[in-house]
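Report on the following structure.
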Protein chains: 2
Amino acid sequence: MSNIKDIAAKAGVSIATVSRALRQPNLVKEKTALKIRDAIEALDYKPNMLAASLRRQKADAVIIAVPSIHNPFTSAFVQGVENVARENGTKVLLALTEGRQDLLDRHYEMIAGKQADGLILLDVISPSALAGQTPGDDPLPIVLACEYDSAVDQPRVRVNDLEAAAEIAAHVASLGHRQIAILSGPSAQRMSRDRQRGFRLGLRRAGIEEDDALVVGGDYSLRSGVAGANALLDSGRKFTAILCENDEMALGAIHAIAARGLRVPDDISVTGIDNLRFAEFANPGLTTIALPNEQIGEEAMRLMLDFAIDPDGARREVVVPHRLIVRGSTAAPTPRM
Amino acid sequence: MSNIKDIAAKAGVSIATVSRALRQPNLVKEKTALKIRDAIEALDYKPNMLAASLRRQKADAVIIAVPSIHNPFTSAFVQGVENVARENGTKVLLALTEGRQDLLDRHYEMIAGKQADGLILLDVISPSALAGQTPGDDPLPIVLACEYDSAVDQPRVRVNDLEAAAEIAAHVASLGHRQIAILSGPSAQRMSRDRQRGFRLGLRRAGIEEDDALVVGGDYSLRSGVAGANALLDSGRKFTAILCENDEMALGAIHAIAARGLRVPDDISVTGIDNLRFAEFANPGLTTIALPNEQIGEEAMRLMLDFAIDPDGARREVVVPHRLIVRGSTAAPTPRM
DNA sequence: TTGTATGCGTTATCAA
DNA sequence: TTGATAACGCATACAA
């Protein structure tokens, strides 16, 4: 493997000139640059980025930490981060935490180890290093996205979960539903709390009284959607719609309802939040709230870049818009005789 | 940020000893090691991995290149790679190619740039560097998975696409279907060709004559599943089942069929391949072939590790098993009167 | 416009 | 068991 020294020798210049030709081409004479280009070509030289990063004290890489990429939401998010990173010559390293603190911490060490410049976090947990921070300390290069814990104070990009949930609840109420069930997520998570509060807010605004007996807890998985819907149906309580805190549970709920020979939306309307790709092609198509997943990733990366320039002056929060998407899974309740 | 020198000073030893205490603890006296541990603790020292990698000429990182992580298959695959990588102290960097040669090549440069030791490729394209190889050259640290082009000769892990497809075709035939349509992928890809050949093989084995008019081409997307099913239904040809080359298209097909007021499987049986998570909870549940996605990732990473130890002696191919999963989307054809 | 020389933070060789 | 020191490959301050 050839290095900068070989190129310098071959081109008959100093290594400093080679380095400049690569990094600040305008500082080197055209003719010299040409010789260097030839040498690079001839020796198939590839700069050692490790050495460059070590010297410049900058890795030009960021880590995205996510619990799992089994989630289609995550995918689009990562794509968004990639988009902006690419434009800025930054590499993106994806880290999977599985929700485990130790794994997250180990990945976070890559920052201390200078292998990455910052961390973009799409998870409910956060690095231990963050907890150990006191007001006087230097700010940490961490950007939070959506699922953050509200306790930590870092640059963040988020959706208005509360209003999004209220909006879809309003949609269902406007169709004429009055007995409306809720399939919630883990109430330990801020996002879940916000969405549930949003559902309730939307119902109250429509003059519908809340009924805690129609609220069932899940964990955002397909499977818990099935379980939740079954629990509701088994309870014997009457309801004509289920508001689910995410699409996965909604798809599970639809599956469970169909499995009992009931029909969506004729017997029960179902809604989600997220607008996964599969939501459009479910049977029936799922009424949901579209989140600009990719844009969220893009904004997160921009916050990261801002931070690199000015750790203290960087923007603290970006709120991205959501949008109601009505499909076949919601309809007016069928009058019972 | 403290470095190894600070620790050495604080502990009253040389930097060589500190380095040893970290990498070969058994070579240093217990008492010394303790002093060093204390110093590390006190100064919150984190080794600079960049410097270490530069010196050791090894990054302990591999790149996984995938077209997109919008595909749930990809997710499990990455998870598998992570599993094995983690056990071996190797970092995993995810690269998205979007099927673009230039993006793949740019990521491949990270290997020349020493930021990564190898590339695991889950894509139909391959780095230009691979094309430029001639028999005498050193082998490249590239492992191929599943969607490789059969032209390139590198360590690879794959599924027996041919037999998998034949098996599910046999299942449908055994239910009594005789007019069976095929929704294929891009025939430029080896995997698609294998699966289509497999379908035809399975049908022939069951004594069913092939009918090219019942073969429609798609691109593995949900949307093309919808389009393909519509094309078949519009053709006016009779068929009682559709074999799809992947789950996404199958889910799209089910959606299209339902949208026309037809029922799956009563009117038309549908099958996929992949066993995506969503396949289980579709309406109806999708009959498909399960691929051990995570295991594929694990095997790929193992091949990579083997390669690192012995570039020439490493295993060349691993074939992982598949499994037929029968769900509600297939049934015996309904007798027409 | 170019060259010299130093340092980035490690690891590894060799000698003690 | 430990220490001194030379790389690893590059970027940059300073000098020319």
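The chains referred to below are lettered A, B, ... by the order of the sequence lines, with proteins before strands, and numbering in each begins at 1. It should be emphasised that the depicted structure is a prediction, and the values quoted were computed from it without experimental measurement.
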Donor-acceptor under 3.5 Å (Asp105(B) side chain, Ser128(B) main chain)
yes
Could you check Leu27(B) against Lys5(A) and say which one's nearest nucleotide on DNA chain D is further toward the 5' end?
Leu27(B)
What is the separation between atom CG on Asp60(B) and atom P on dT10(C), rounded to the nearest whole Å?
15 Å
Interatomic distance where CG belongs to Asn48(A) and P belongs to dT10(C) [whole Å]
17 Å
Val143(B) and Leu121(B): side chain to side chain contact (heavy atoms under 4.5 Å, CB included), yes or no, with the steps?
CA-CA 6 Å; Val143(B) 171; Leu121(B) 190 64; over 6 Å; no
So, are Glu299(A) and Arg302(A) salt-bridged, with charged N and O less than 4.0 Å apart?
yes
Do the charged groups of Arg316(A) and Asp153(A) touch, with an N to O distance under 4.0 Å?
yes
Residues in residues 49-59 of chain A with a heavy atom under 4.0 Å of DNA chain C, by number, are Leu54(A), Arg55(A), Gln57(A)
Rounded to the Å, how far apart are Met1(B) CE and dG9(C) P?
10 Å
What is the separation between atom CD1 on Ile7(A) and atom C1' on dA11(D), rounded to the nearest whole Å?
16 Å
Please confirm whether the backbone N or O of Ala61(A) pairs with a side-chain atom of Asp117(A), one donor and one acceptor, at under 3.5 Å?
yes
Spacing of Leu43(B) atom CG relative to dG9(C) atom C1', expressed in whole Å
15 Å
Rounded off to whole Å, could you give me the CD1-to-P distance for the Ile4(A) and dA5(C) pair?
17 Å
Specify the separation, in whole Å, of atom CD of Gln24(A) and atom P of dC10(D).
16 Å
Nearest-nucleotide pick for Val13(B), side chain only, options being dG3(C), dT11(C), dG3(D):
dG3(D)
Using OP1 and OP2 only, check whether a side-chain N or O of Asn3(B) sits under 4.0 Å from dG9(C).
yes
In a table with atom names and distances, give each donor-acceptor pair under 3.5 Å that connects a side chain of residues 41-51 of chain B to protein atoms at least two apart or in another chain.
from: Asn48(B); atom 1: OD1; to: Leu50(B); atom 2: N; distance (Å): 2.8
from: Asn48(B); atom 1: OD1; to: Ala51(B); atom 2: N; distance (Å): 3.1

To the nearest angstrom, the NZ-C1' distance between Lys29(B) and dT2(D) comes to 9 Å
So, OP1 or OP2 of dT11(C): does either fall under 4.0 Å of a side-chain N or O from Ser19(B)?
yes
For Val18(A), which contact category applies under a 4.0 Å heavy-atom criterion: base, sugar-phosphate, or nothing?
nothing
Any side-chain N or O of Thr32(B) below 4.0 angstrom from OP1/OP2 of dT2(D)?
yes
Just compare dT2(C), dG3(C), dG3(D) and give me whichever is closest to any side-chain atom of Thr17(B).
dG3(D)
Would you indicate what Arg20(A) reaches in the nucleic acid, counting non-hydrogen atoms under 4.0 angstrom: base, sugar-phosphate, or nothing?
base
Pair Lys10(B) + Asp38(B), salt bridge at N-O below 4.0 Å:
no
